[in-house]
Amino acid sequence: MLLLSGPNIAGNEWKYVKDCLDTGWVSSVGSYVTQFENMLAEFSGCKYGVATSNGTTALHVSLMLAGVKQDDYVIVPNVTFIASINSIKYTGADPILIDVHPGTWQMDLDLLEEFLENETDEKDGQLFYVKDGRTIRCIMPVHVLGNTIDLTRFMELANRYHLPVVEDATESLGTYYKGQHTGSFGLMGCFSFNGNKIITTGGGGVIVTNNEELARKAKHLTTQAKSDPFEYIHDEVGYNYRLVNVLAAMGVAQMELLPSFVKRKKEINDFYRSALQGCGDISFQEIAPEVDCNCWLFTFRTSKQRELLKLLNEKQLQSRPFWVPMNQLRMFKDNIYYNHNDCSGTIYSECLSIPCSTNITDAELETVAQAIRSIY
Ligand SMILES: *Cc1c(COP(=O)(O)O)cnc(C)c1O
């Protein structure tokens with residue numbers, strides 16, 4: 001089976017993991033955790049990095065630190081992986097789902113602006129949803145597939161409405177907007193190192209921020225909120241959300257490979273775009289010239305989506321549809337979904353992702369492209 005986006009263990013992973021096993025520093029204390037945190041902070045242009053057990057826990061803690069509480073709202077795009085919304089629900093808040101743009105498949109900023117203008121109001125510097133008076137505490141953009149919205153306009157909107165930003169940058173490690181790394185625009189940004197992401201630790205996450213106090217609090221909350229180095233004194237309800245040293249060791253090795261991975265993802269993207277260009281009704285995700293995209297997961301749009309999914313998976317070429325839009329899931333069907341013509345639904349029925357692991361060969365790419373071309 002040719003994997004959609006599999007791990008590529010090609011560098012010092014064995015060496016650094018062996019070092020942990022040899023020295024006994026396998027668990028929550030050890031130098032690789034700090035090294036990995038520093039690498040992520042430096043790479044993303046942020047001052048601080050805090051490692052977590054995965055991207056979902058990174059989002060959960062970031063939302064809590066942004067002040068999100070029971071019965072608040074958090075604005076988020078309707079097309080994303082479930083973890084974005086789950087992390088909101090863990091805080092007791094509810095998502096306000098904003099439809100996506102037909103070309104970029106990211107949160108539609110015209111809709112967002114319209115929503116903020118028409119459906120919200122401000123009292124004592126705090127935004128609320130007019131229909132029920134509940135507080136809108138935070139906004140979470142998701143850099144879907146490594147692409148991003150116009151972050152200049154987005155940040156201007158967020159600032160105008162006094163909305164703290166927590167970036168779901170779990171898919172966008174290696175993506176820049178006007179030369180600035182994603183994850184560094186908001187109050188906090190979250191990365192994921194799940195097995196399918198551009199680099200992996202098996203499972204893991206990092207929160208990046210330029211705010212020292214938030215970084216300190218994130219470390220505290222993710223390590224059971226222990227407030228005394230010796231005695232078991234905990235000053236609030238904390239979480240066991242840390243990344244262990246063995247996995248951080250793997251992460252350090254993967255970070256060394258990241259530039260080569262981004263380069264390969266871009267090559268794969270260029271290959272598919274030219275090989276599938278003009279083929280039936282195939283169209284591609286719009287990437288603005290200001291975006292330097294990591295091209296994490298190659299995805300395209302066609303009315304023959306279902307047919308292709310069946311054909312490719314039968315040929316052992318792992319392919320997947322896009323996520324079911326959040327408003328179509330049982331748990332979120334009654335949540336606010338701001339849209340005009342449900343672009344999310346169309347995108348869901350037409351998009352598919354195809355094999356684009358960084359260790360895919362040129363011959364394998366050709367095989368995938370040929371299989372796709374054969375049905376048009
Ligand atoms: C991968 C991912 C996450 C969560 O990351 P985990 O490390 O799997 O918990 C969150 N949001 C999006 C959009 C993702 O793709």
Side-chain angles (χ1 to χ4, degrees), residues 3-7 36-37 40 44 49-64 66 68 74-91 95 97-98 100 104-107 138-149 165-175 182-183 186 188-208 218 222 239-244 247-248 250-251 254-255 261 265 285 293-299 320-326 329 332 344 347-348 351 353 356-357:
L3 291 182
L4 193 62
S5 181
F36 188 50
E37 290 174 335
L40 262 299
S44 63
V50 176
T52 59
S53 50
N54 55 57
T56 312
T57 53
L59 288 168
H60 180 203
V61 166
S62 298
L63 288 170
M64 282 191 287
V68 179
V74 176
I75 300 174
V76 68
N78 189 42
V79 173
T80 182
F81 178 55
I82 188 73
S84 317
I85 314 294
N86 279 344
S87 65
I88 295 168
K89 291 297 291 186
Y90 298 162
T91 65
L97 306 165
I98 306 284
V100 297
T104 63
W105 316 338
Q106 316 276 314
M107 189 192 290
C138 178
I139 185 163
M140 182 198 285
V142 184
H143 308 310
V144 171
L145 304 173
N147 192 5
T148 128
I149 42 179
V165 174
V166 170
E167 289 177 74
D168 182 337
T170 50
E171 301 183 358
S172 68
L173 183 61
T175 297
T182 50
M188 282 162 284
C190 300
F191 297 111
S192 162
F193 313 108
N194 186 42
N196 62 350
K197 297 301 200 290
I198 195 160
I199 67 162
T200 185
T201 58
V206 159
I207 300 168
V208 291
T222 53
Y239 299 81
N240 182 9
Y241 278 180
R242 33 190 188 182
L243 185 69
V244 295
L247 298 183
M250 191 171 157
Q254 288 270 292
M255 276 305 284
F261 287 172
K265 288 281 191 189
Q285 190 185 29
C293 185
N294 71 357
C295 303
W296 167 60
L297 188 69
F298 191 80
T299 303
R320 288 282 179 266
F322 224 19
W323 307 293
V324 174
M326 295 301 117
L329 296 178
F332 307 121
S344 306
I347 282 173
Y348 165 59
C351 280
S353 309
C356 56
S357 306

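One-based numbering, in listed order, for ligands and for the atoms of each.
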Atom 11 (N) of ligand 1 - nearest protein heavy atom and its distance
Asp168 OD2, 2.8 Å
Could you check if a side-chain atom of Ile98 sits within less than 4.5 angstrom of a side-chain atom of Val76, using non-hydrogen atoms only?
no
Please tabulate, for the side chains in residues 195-202, all donor-acceptor contacts under 3.5 angstrom to protein atoms that are two or more places apart in sequence or on a different chain.
unit_1: Asn196; atom_1: OD1; unit_2: Asn194; atom_2: ND2; d: 3.0
unit_1: Thr200; atom_1: OG1; unit_2: Phe193; atom_2: O; d: 2.8
unit_1: Thr200; atom_1: OG1; unit_2: Asn194; atom_2: O; d: 3.0
unit_1: Thr200; atom_1: OG1; unit_2: Gly195; atom_2: N; d: 3.4
unit_1: Thr200; atom_1: OG1; unit_2: Gly202; atom_2: N; d: 2.9
unit_1: Thr201; atom_1: OG1; unit_2: Gly203; atom_2: O; d: 2.8
unit_1: Thr201; atom_1: OG1; unit_2: Gly204; atom_2: N; d: 3.4

Of the backbone atoms (N, CA, C, O) and the side-chain heavy atoms from C-beta on, which set of Asn54 has a member under 4.0 Å from an atom of ligand 1: side chain, backbone, both, or neither?
both
State whether the side chain of Thr56 and the backbone N or O of Ala83 hold a donor-acceptor pair below 3.5 Å, judged by distance alone.
no
Can you tell if the side chain of Ile207 reaches within under 4.5 Å of the side chain of Val61, non-hydrogen atoms only?
yes
With atoms numbered from 1 as shown, which atoms in ligand 1 lie under 4.0 angstrom from a non-hydrogen atom of Thr56?
4 (C), 5 (O), 6 (P), 9 (O)
Nearest to atom 13 (C) of ligand 1, what protein heavy atom do you find, and at what distance?
Glu171 OE2, 3.3 Å
Per-residue contact class, Asn196 against ligand 1 - non-hydrogen pairs under 4.0 Å
neither
Specify side chain, backbone, both or neither for Thr170, according to which of its non-hydrogen atoms lie closer than 4.0 Å to ligand 1.
side chain
Which residue and non-hydrogen atom of the protein lie closest to atom 1 (C) of ligand 1, and at what distance in Å?
Lys197 NZ, 1.6 Å
What's the shortest distance from atom 5 (O) of ligand 1 to any protein heavy atom, and which residue and atom give it?
Ser192 OG, 3.2 Å
Would you mind running through ligand 1 and noting each atom that sits below 4.0 Å from a heavy atom of Ala83?
3 (C), 4 (C), 10 (C)
Keeping the roles fixed (side chain from Thr222, backbone from Tyr241), state whether a donor-acceptor pair exists under 3.5 Å.
no
Under 3.5 Å, N or O to N or O, is Leu59 touching ligand 1 that way?
no
Using only atom types and a distance under 3.5 Å, with no angle test, would you say the side chain of Glu37 pairs donor to acceptor with the backbone of Val206?
no
Can you list the residues that meet the side-chain hydrogen bond (donor to acceptor under 3.5 Å, both in side chains) rule with Ser53, with sequence neighbours excluded?
Thr57
Counting distance only, does the side-chain N/O of Ser62 pair as donor-acceptor with the main-chain N or O of His60 below 3.5 Å?
no
Within a distance under 4.0 Å of any heavy atom of Thr80, pick out the atoms of ligand 1 and give their elements.
13 (C)
Near Ser84, which atoms of ligand 1 are under 4.0 Å from a heavy atom of that residue?
11 (N)
Check: Ser344 and Met326 side chains under 4.5 Å, non-hydrogen atoms
no
Could you list which atoms of ligand 1 come closer than 4.0 Å to a heavy atom of Val142?
13 (C)
Could you say whether the N/O atoms of Trp323 and ligand 1 ever approach to under 3.5 Å?
no
